[in-house]
Amino acid sequence: MSETVENAPAAATGPVRRSRDVPMLVERARAGDPRAVARLITLVESGDEVLPQVAAALAPYAGQAQVVGLTGSPGVGKSTTTNELVRALRARGHRVGVLAIDPSSPFTGGAILGDRVRMQDHATDPGVYIRSMSSRGHLGGLSAATPQAVRVLEGAGCDVVLVETVGVGQAEVEVASLADTTLVLLAPGMGDAIQAVKAGILEIADVFVVNKADRDGADATVRDIQGMIALGERGPGDWRPQVVRSIAARGEGIDDIAAAIDKHRGWLEKHGELRRRREARAAAEIEAIALGALRARIGSLRDGTELATLAAKVAEGAIDPYAAADELLAQLGS
Ligand SMILES: Nc1nc2c(ncn2[C@@H]2O[C@H](COP(=O)(O)OP(=O)(O)OP(=O)(O)O)[C@@H](O)[C@H]2O)c(=O)[nH]1
Ligand SMILES: [Mg+2]
């Protein structure tokens, strides 16, 4: 495992060959072979037709890793922080998986992204898998692909999986909310705290990290966030989001971030929230897969004559569009 998982060769071609390969691939991934891990994630990322078999083979290993999401504006320091957290987790002896999700770029098959440069420190560490992922082509989108990639890393024996996403839109918020613990990174200035409220990422934050604390305005940003947290309604047993400062570029504050993650983990377990979050994650996953399948079937209807026939009827006023949509859905069920 002396390489990052992206460097492995492309998956073998031909669905029959791949389908026969699945149990063997999973076995190799279980044994810690980074090429097998890479191929499995590539299958997930590309929405390959053998995915149901991959998911079935990985099902027994579900829930074995702690999943930590890191989100925040572009350039706030997510990758730098991830890199440092990997170092801290390795020092504790954990096996670590990293998924850097890039929702804006098309399917890359693991091509080099800038992110990886900041994680090269761990490129030769056999206890670390690092993978950049983009899945615009995936059935069900990122919200379906990400948990499956997490399952691959769980199957490969990772104790902790760190998921980095750029927090700029709803899809990314969804991905971040799939984690057991979500870190929202902010930087001083730039009205970042206000942006966080607008983007709806405040609700998903378990821990706020004010990174780039070497810059002016860090105190004000911490105060802003604490003010917003104070306004939130919470019951006696509820989690109160933690606020931590860091200078990730110098490796400062990383222990505080790790301590906040541990504290949240303790709270999750004590209140049965870990199970609740994981069930919510599974529900979102099932929904995304089902909607993706439905969308694909509607797409194929669009290529056929059914939709054209219904459209002609609606256009000429013979039926209304709701009735037409009902008819279309009825055809999907048949
Ligand atoms: N001054 C200062 N710079 C930092 C700090 N942490 C990270 N940086 C720098 O900020 C820049 C962006 O860091 P990244 O870790 O790539 O940020 P990111 O959030 O992963 O960026 P994207 O993935 O592009 O959204 C790099 O030049 C880092 O060296 C910090 O604590 N202080
Ligand atoms: Mg990054």
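- With sequence neighbours excluded, the residues forming a side chain to side chain contact (heavy atoms under 4.5 Å, CB included) with Arg275 are Glu279, listed by chain and number.
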Intermediate values then yes/no, side chain to side chain contact (heavy atoms under 4.5 Å, CB included), Thr182 and Leu70: CA-CA 6 Å; Thr182 298; Leu70 293 95; over 6 Å; no
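- Heavy-atom minimum distance, Leu58 versus Gly155: CD2-CA, 4.3 Å.
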Criterion side-chain hydrogen bond (donor to acceptor under 3.5 Å, both in side chains) on Arg151 and Thr146, from CA distance to verdict: CA-CA 9 Å; Arg151 284 168 195 277; Thr146 308; over 6 Å; no
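- Residues Leu40 and Val54 are in side-chain contact: their nearest non-hydrogen atoms beyond the backbone lie under 4.5 Å apart.
- Judged by distance alone, the side chain of Arg28 and the main-chain N or O of Gly32 form no donor-acceptor pair under 3.5 Å.
- Between Glu285 and Arg281 no salt bridge is recorded (no basic side-chain N to carboxylate O distance below 4.0 Å).
- Between the side chains of Arg277 and Thr181, no donor N or O sits under 3.5 Å from an acceptor N or O.
- Using a 4.0 Å cut-off between charged nitrogen and carboxylate oxygen, Asp262 and Arg92 count as a salt-bridge pair.
- Counting all heavy atoms, side chain and backbone alike, Val37 lies closest to Ala156 at CG2-CB, 3.7 Å.
- Val150 and Leu268 fall into different hydrophobic clusters, where Ile, Leu, Val, Met, Phe, Trp and Tyr are joined by side-chain heavy atoms under 4.5 Å apart, directly or via other members.
- The side-chain heavy atoms of Asp21 and Arg39, taken from C-beta on, include a pair separated by under 4.5 Å.
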Worked verdict on Ile41 versus Leu153 for side chain to side chain contact (heavy atoms under 4.5 Å, CB included): CA-CA 9 Å; Ile41 296 183; Leu153 293 170; 4.2 Å; yes
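- Contact annotation: the side chain of Arg234 approaches that of Pro241 to within less than 4.5 Å [non-hydrogen atoms, C-beta and beyond].
- Between Trp239 and Trp267, the ring planes lie tilted relative to each other; the angle falls in the 30° to 60° range.
- Between the CD atom in Glu287 and the CG atom in Leu291 there is a gap of 5.5 Å [rounded to 0.5 Å].
- Considering only heavy atoms from C-beta on, Ile101 stays 4.5 Å or farther from Glu164 through its side chain.
- Side-chain contact check for Asn83 versus Lys78: every heavy-atom pair is 4.5 Å or farther apart.
- Between Val160 and Leu162 the shortest side-chain heavy-atom distance falls below 4.5 Å.
- Here OG1 of Thr82 is found 12.5 Å from CZ of Arg87. Values are rounded to the nearest 0.5 Å.
- Considering every non-hydrogen atom in both Gly69 and Ala179, the closest pair reads N-CB, 3.3 Å.
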Pair Thr71-Ile204, side chain to side chain contact (heavy atoms under 4.5 Å, CB included): steps then yes or no: CA-CA 10 Å; Thr71 191; Ile204 60 158; 4.3 Å; yes
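- Screening residues 241-254 for side-chain hydrogen bond (donor to acceptor under 3.5 Å, both in side chains) gives Asn211-Ser246, Asp219-Arg245 as the qualifying pairs, with residues at least two apart or on separate chains.
- Within the 4.5 Å cutoff, the side chain of Gln66 has no heavy atoms near those of the Asp159 side chain.
- Considering CZ of Arg215 and OG1 of Thr221, their distance stands at 11.0 Å, rounded to 0.5 Å.
- Looking at Lys212, its side chain never comes within 3.5 Å of a backbone N or O of Gly77 through a donor-acceptor pair.
- Counting only distance, with no hydrogens or angles, the side chain of Asp180 and the backbone of Val67 share a donor-acceptor pair below 3.5 Å.
- In the hydrophobic clustering of this structure, Ile286 does not group with Leu294; members are Ile, Leu, Val, Met, Phe, Trp, Tyr whose side-chain heavy atoms approach within less than 4.5 Å, directly or through other members.
- Judged as a side chain to side chain contact (heavy atoms under 4.5 Å, CB included), and not counting sequence neighbours, the contacts of Gln64 are Tyr61.
- In terms of heavy-atom proximity, Ala324 sits nearest to Val314 at CB-CG2, 3.6 Å.
- The two residues Ile254 and Ala248 have their closest heavy-atom pair at CD1-CA, 4.4 Å.
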Audit row: Val209, Leu186, side chain to side chain contact (heavy atoms under 4.5 Å, CB included) steps and yes/no: CA-CA 6 Å; Val209 177; Leu186 306 163; over 6 Å; no
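- For the pair Ile229 and Phe208, the minimum side-chain heavy-atom distance is below 4.5 Å.
- Nearest approach of Val210 to Ala213, heavy atoms of both residues: O-CB, 4.1 Å.
- Distance check, rounded to the nearest 0.5 Å: CZ of Arg297 to CG of Leu328 gives 11.0 Å.
- Once rounded to the nearest 0.5 Å, the distance linking CZ of Arg223 with CE of Met228 reads 12.5 Å.
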Chi angles and distances behind the salt bridge (Lys or Arg N to Asp or Glu O under 4.0 Å) call for Glu27, Arg30: CA-CA 5 Å; Glu27 205 175 297; Arg30 294 283 302 152; over 6 Å; no
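- Between the side chain of Asp238 and the backbone N or O of Gly235 there is at least one donor-acceptor pair closer than 3.5 Å.
- Checking side-chain atoms of Asp48 against main-chain N and O of Leu51 turns up no donor-acceptor pair under 3.5 Å.
- From Glu45, atom CD reaches atom CG of Leu99 across 10.0 Å, with rounding to the nearest 0.5 Å.
- Within the 3.5 Å criterion, the main-chain N or O of Gly63 finds a donor-acceptor partner in the side chain of Glu154.
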